[in-house]
There are 2 protein chains.
Amino acid sequence: MKNTTNDNAILTLGNELCFSLYACAKEVIKIYRKPLEKIGLTYTQYIVMMTLWQFGDMSVKDIGEKVYLDSGTLTPVIKKLEKSGFVKRQRIAEDERFVKIILTDKGLKLKEKASTIPQALEGNIYISYDEVVTVYNLLNKNLKGIKEGIETS
Amino acid sequence: MKNTTNDNAILTLGNELCFSLYACAKEVIKIYRKPLEKIGLTYTQYIVMMTLWQFGDMSVKDIGEKVYLDSGTLTPVIKKLEKSGFVKRQRIAEDERFVKIILTDKGLKLKEKASTIPQALEGNIYISYDEVVTVYNLLNKNLKGIKEGIETS
DNA sequence: TTAAAATAAATTGCACACAATTTAATTATG
DNA sequence: CATAATTAAATTGTGTGCAATTTATTTTAA
């Protein structure tokens, strides 16, 4: 549902919200840094691995659509994951333009270790469970709108 | 109000929320890129300028506290703003450790041009005004908690 | 059917973002 | 009062993030 009001107030507040998003994302990701380092991942590598754990082996393009990153960012990130031994890269025979990213045994095993990562948030969330649900749903609603807005532009 | 529940659900959902924050912040900031480029700013430079417009001349440290960035990021950003002629940098006589960032005439005049920047969000916000208010308040509440949690740790 | 258009990755260049360290200045303390 | 501890910026090194371009491959169309 696209907002088409002429009211300027939402734009001014949206501008403030943009900064809050920017700052809050950075600060929350900072909480993850140390525990992720212990299992040998950066946050960007972590969300790529989570995508592979959840959806299985997939192309760079498909990963990019899930994590909102393009090949310019993903190629070096995935190459580092390969160097760490968590994934393998393989051109797809049916269409050599695609590179399939495949979890190795080591990458698959990492999933268990990574299951403790969300505990880093313990004591670092200052809104209630219901409020987390509310923010989560509204951000995803907005994100979906932006994504579809770009696709159809 | 620190959340101290043992319930694991909020951590799992918090982990998902972290990604939504990360993705939503990136996508919204992307909307700003072109209009900001027209007035000669990046998003990071924009939030530094907004801080100076709102609070007046201040030190690198004080800017950092407002925008959640350290001198490692701010020093090169501010040097670019200086090269563009929007600010001047000046050591404070009373305490030479501090560098005061001072708006130039050009930097002050930019405020008017920048007042049109939030219009970039027109047609790109897919939640209602009330929902924007809700997300904004909850993110700031959480951000405040994290900030105070770090200060007192 | 083959040259043009489209597509997926990779590459390039620029701008952060941040931890860790260094430098310079100020304050605290024995 | 002199040295140690602290503090603010700057520097260094690594890792994104993205627009624009390039390369390789596949699809479309004349």
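Naming: A, B, ... by sequence-line order, numbering from 1 per chain.
At least one side-chain heavy atom of A:I101 sits less than 4.5 Å from a side-chain heavy atom of A:R89. For the pair B:Y22 and A:I47, the minimum side-chain heavy-atom distance is below 4.5 Å.
When rounded to the nearest whole Å, the span between OH of B:Y32 and P of C:dC16 equals 17 Å. In this structure, A:E37 places its CD atom 12 Å from P of D:dT16, rounding to the nearest Å. The distance between atom NZ of B:K30 and atom P of C:dC16, rounded to the nearest whole Å, is 17 Å. For A:I92 and C:dT7, the CD1 to C1' distance is 13 Å, given to the nearest whole Å. Across the protein-nucleic acid pair, A:M49 atom CE and D:dT16 atom C1' stand 18 Å apart, rounded to whole Å. Between the CD1 atom of B:I47 and the C1' atom of C:dA17 there is a distance of 11 Å, given to the nearest Å. Between the CD atom of B:E65 and the C1' atom of D:dT7 there is a distance of 12 Å, rounded to whole Å. Spacing between atom CG of B:L69 and atom P of C:dA17 amounts to 6 Å, rounded to whole angstrom units.
Contact annotation: A:R33 does not reach the phosphate of C:dC18 (side-chain N/O to OP1 or OP2, under 4.0 Å). Under 4.0 angstrom from either OP1 or OP2 of C:dC16 there lies at least one side-chain N or O belonging to B:T44. Checking the phosphate oxygens (OP1, OP2) of D:dT16, a side-chain nitrogen or oxygen of A:K80 falls inside 4.0 Å. The phosphate of D:dG15 (OP1 or OP2) has no side-chain N or O of A:Y43 nearer than 4.0 angstrom. B:Y68 has no side-chain polar atom (N or O) that falls below the 4.0 Å cut-off from OP1 or OP2 of C:dA17.
For the side-chain contact (heavy atoms from CB on, under 4.5 Å) criterion with A:E131, the lone passing option out of B:N137, B:T134, B:I10, B:L138 is B:L138. Each of A:I102, A:D57, A:I78 was compared with A:V87 under the side-chain contact (heavy atoms from CB on, under 4.5 Å) criterion, and only A:I78 meets it. Between B:Y129 and the options B:V133, B:I127, B:I125, a side-chain contact (heavy atoms from CB on, under 4.5 Å) holds for only B:V133.
Remark: A:K147 NZ to B:E27 CD distance equals 8.5 Å, nearest 0.5 Å.
In terms of position along DNA chain D, the nucleotide closest to A:T42 lies nearer the 5' end than the nucleotide closest to the other residue of the pair A:E94 and A:T42.
Listed nucleotides D:dA19, C:dC18, C:dT26 differ in distance to B:E96; the shortest reach to its side chain belongs to C:dT26.
Within a 6.0 Å radius of CD in A:E96, other residues, nucleotides and ligands contribute more than 12 heavy atoms. Enclosure of atom CD in B:E65 by more than 12 non-hydrogen atoms of other residues, nucleotides or ligands within 6.0 angstrom is indicated.
If you check every strand for non-hydrogen atoms under 4.0 Å, A:Q45 touches sugar and phosphate atoms only.
Listed by residue number, there are no residues of residues 50-58 of chain B with a heavy-atom contact under 4.0 Å to DNA chain C.
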If you restrict it to nitrogen or oxygen atoms, what contacts under 3.5 Å exist between nucleotides 8-13 of chain C and the protein, and what is each distance?
residue: C:dA8; atom: OP1; partner: A:K61; partner atom: NZ; Å: 3.2
residue: C:dA8; atom: O3'; partner: A:R97; partner atom: O; Å: 3.4
residue: C:dA9; atom: OP1; partner: A:V60; partner atom: N; Å: 3.3
residue: C:dA9; atom: OP1; partner: A:V99; partner atom: N; Å: 3.3
residue: C:dA9; atom: OP2; partner: A:K61; partner atom: N; Å: 2.7
residue: C:dA10; atom: OP1; partner: A:R89; partner atom: NH2; Å: 2.4
residue: C:dA10; atom: OP2; partner: A:T75; partner atom: OG1; Å: 2.8
residue: C:dA10; atom: N7; partner: A:S71; partner atom: OG; Å: 2.8
residue: C:dT11; atom: OP2; partner: A:K79; partner atom: NZ; Å: 2.8

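Geometrically, B:K26 does not engage A:Y68 in a cation-pi contact, judged by NZ or CZ lying under 6.0 Å from the ring centre and within 45° of the ring axis.
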Under the side chain to side chain donor-acceptor pair (under 3.5 Å) criterion, do A:Y46 and B:N15 qualify, and how do the steps go?
-> CA-CA 11 Å; A:Y46 175 57; B:N15 194 56; 3.2 Å; yes

